[in-house]
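See below for the structure under consideration.
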Amino acid sequence: MFQPIIYFILSGLLATGIIYTLYVVADSLYRSSKYKILNNAVDYFMYIKGFFLGDLIYAILFILITCIIYALISYKRSQNIILLINSVKKMADGNLEQKIEIENPKKVKELANNINTIVDRLRDITIEERIAQQTKTDLITNVSHDLRTPLTSIIGYLSLIEEDKYKDEVQLRYYTNIAYEKAKTLNLLINDLFDLTKMQNNSMPMDKIQINLVELIGQIVSHFEFLFEKEKIKCRVRFSEDKFIIMADPIKLVRAFENLITNAMKYGKDGGYIDVVTSKEKSMAVVEIINYGESIPILDLPHIFDRFYRVEKSRNRNDGGSGLGLAITKNIIELNLGEISVTSDNIKTVFKVKLPIIE
């Protein structure tokens, strides 16, 4: 706020110096000049200096020179302010790609940088809002489809029963069983959706205790032995000798690893093998679930943990799942302060889970 005053005082001092210099030069010319006209002019100028007219001329000259110097000093600053105003106007018109390029003065440049930062954040927020809106739209579409599909089947078969459109008791039981299985699928979807919402809102209660992670994984794998035999898949385990003691909710962690193993069985059965490997990376316990089935396309990898995201583009699903398994798994791992990632190539697909070890 004091900068214009300082500029004006500085301009006045410079104007005084210039006038004094002119006076000295004029006095010198008066004493040494051989030209009569110049001597008369200087003589007249020196003569009127002692009168009111002379003081007025000196005052006008002083103000004029001061204003010129002040204008020159302020020109760059004024140009920057004009540039700032024009750029902000373009931003206000919706051009969030507009940048304010100002070199000096420091305060104006600082203001421009602050405005640029605000615009960058506003642009990021706008993009995030658009993505969130699109995600919400996709979620509503997917939920509506996945709710409608089993519900349509339930209503259809119950209507056949209601209208006595069945041949005998066997067909009646068949229709009833289909409706029952579809109802269970519907119930699974609704429960998973509620659980995922609670996890993402951090309202899911966590009952964390100390767990031997290797022992827990071993128990989970043993529970899948029957399914491995049924699907003709061989599970190979390579467990670390270390006792990875972690602080986690065992029930939810079991659910996360069961989802990963089930996913590996579903998409890796053609490979014939599933590997479950534990190791240590710095202070993190690592569990890898590896299958050798069809690879995940590289464009799908970043979205593999999204709600309802499917690598297969067909919306038909007969596996009885909710489409939320990997999204729930990711949230469970993160609620237990861990992280999960996936890599896939033509040979294998690896889901890697890291959880912090209690020292």
Side-chain angles (χ1 to χ4, degrees), residues 135-163 165-166 169-201 203-204 220 223-233 251-270 274 289 291 293-294 296 300 303-333 340 342 349 351:
T135 301
K136 184 171 71 173
T137 302
D138 293 342
L139 176 62
I140 293 172
T141 302
N142 291 332
V143 170
S144 300
H145 180 281
D146 285 4
L147 289 174
R148 185 173 63 247
T149 301
L151 193 58
T152 301
S153 297
I154 292 170
I155 294 172
Y157 283 104
L158 289 179
S159 66
L160 291 176
I161 296 172
E162 174 69 19
E163 297 168 6
K165 293 182 179 180
Y166 54 90
E169 186 74 17
V170 174
Q171 194 172 50
L172 173 61
R173 286 183 174 275
Y174 175 71
Y175 289 167
T176 305
N177 183 66
I178 292 177
Y180 175 65
E181 292 299 325
K182 294 297 182 180
K184 288 198 300 184
T185 300
L186 191 60
N187 184 62
L188 175 64
L189 171 62
I190 293 171
N191 288 337
D192 282 353
L193 191 58
F194 273 119
D195 287 347
L196 182 60
T197 303
K198 288 179 182 178
M199 290 177 190
Q200 292 181 337
N201 292 334
S203 59
M204 174 69 77
I220 295 172
H223 293 164
F224 274 88
E225 286 181 358
F226 173 76
L227 289 176
F228 289 143
E229 292 179 5
K230 181 181 178 181
E231 299 293 337
K232 297 181 180 179
I233 296 174
I251 296 176
K252 294 181 178 62
L253 209 57
V254 166
R255 183 180 183 184
F257 284 113
E258 284 180 345
N259 285 343
L260 291 176
I261 294 175
T262 301
N263 185 77
M265 291 174 59
K266 177 180 176 182
Y267 295 103
K269 63 174 64 177
D270 295 339
I274 292 176
I289 312 294
N291 74 75
E294 185 178 353
I296 302 173
D300 293 314
H303 308 287
I304 202 69
F305 296 107
D306 292 351
R307 292 176 293 186
F308 293 104
Y309 190 84
R310 294 179 180 84
V311 174
E312 66 274 18
K313 299 306 176 186
S314 171
R315 294 295 306 168
N316 296 321
R317 182 180 66 244
N318 299 311
D319 59 7
S322 66
L324 299 171
L326 290 178
I328 289 173
T329 297
K330 182 176 186 292
N331 279 271
I332 289 174
I333 298 302
I340 184 170
V342 59
T349 296
F351 284 86

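Along the sequence shown, residues carry numbers from 1.
With sequence neighbours excluded, the residues forming a side-chain hydrogen bond (donor to acceptor under 3.5 Å, both in side chains) with Glu163 are Lys165, listed by chain and number. The side-chain hydrogen bond (donor to acceptor under 3.5 Å, both in side chains) check on Gln171 picks up Tyr175, with sequence neighbours excluded. For Lys198, there are no side-chain hydrogen bond (donor to acceptor under 3.5 Å, both in side chains) partners, not counting sequence neighbours. Every residue two or more places apart in sequence or in another chain was checked for a side-chain hydrogen bond (donor to acceptor under 3.5 Å, both in side chains) with Asn263, and none qualifies.
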With a 3.5 Å cut-off and sequence neighbours excluded, list the donor-acceptor pairs that the side chains of residues 225-232 form with protein atoms.
residue : atom : partner : partner atom : Å
Glu231  : OE1  : Lys269  : NZ           : 3.2

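Here salt bridge (charged side-chain N to carboxylate O under 4.0 Å, His left out) pairs that include residues 251-264, with residues two or more places apart or in two chains, are Asp192-Arg255, Asp195-Arg255, Asp249-Lys252.
Between Phe351 and Thr349, the closest heavy-atom pair is CE1-CG2, 3.9 Å. Shortest non-hydrogen contact noted between Ile289 and Ala264 is CG2-CB, 4.0 Å. Residues Asn291 and Gly268 come closest through the heavy atom pair OD1-CA, 3.6 Å. When all heavy atoms of Ile340 and Ile333 are compared, the closest pair comes out as N-CG2, 4.3 Å.
A heavy-atom distance below 4.5 Å is not found between the side chains of Ile296 and Tyr267. Val342 places none of its side-chain heavy atoms less than 4.5 Å from the side chain of Leu326.
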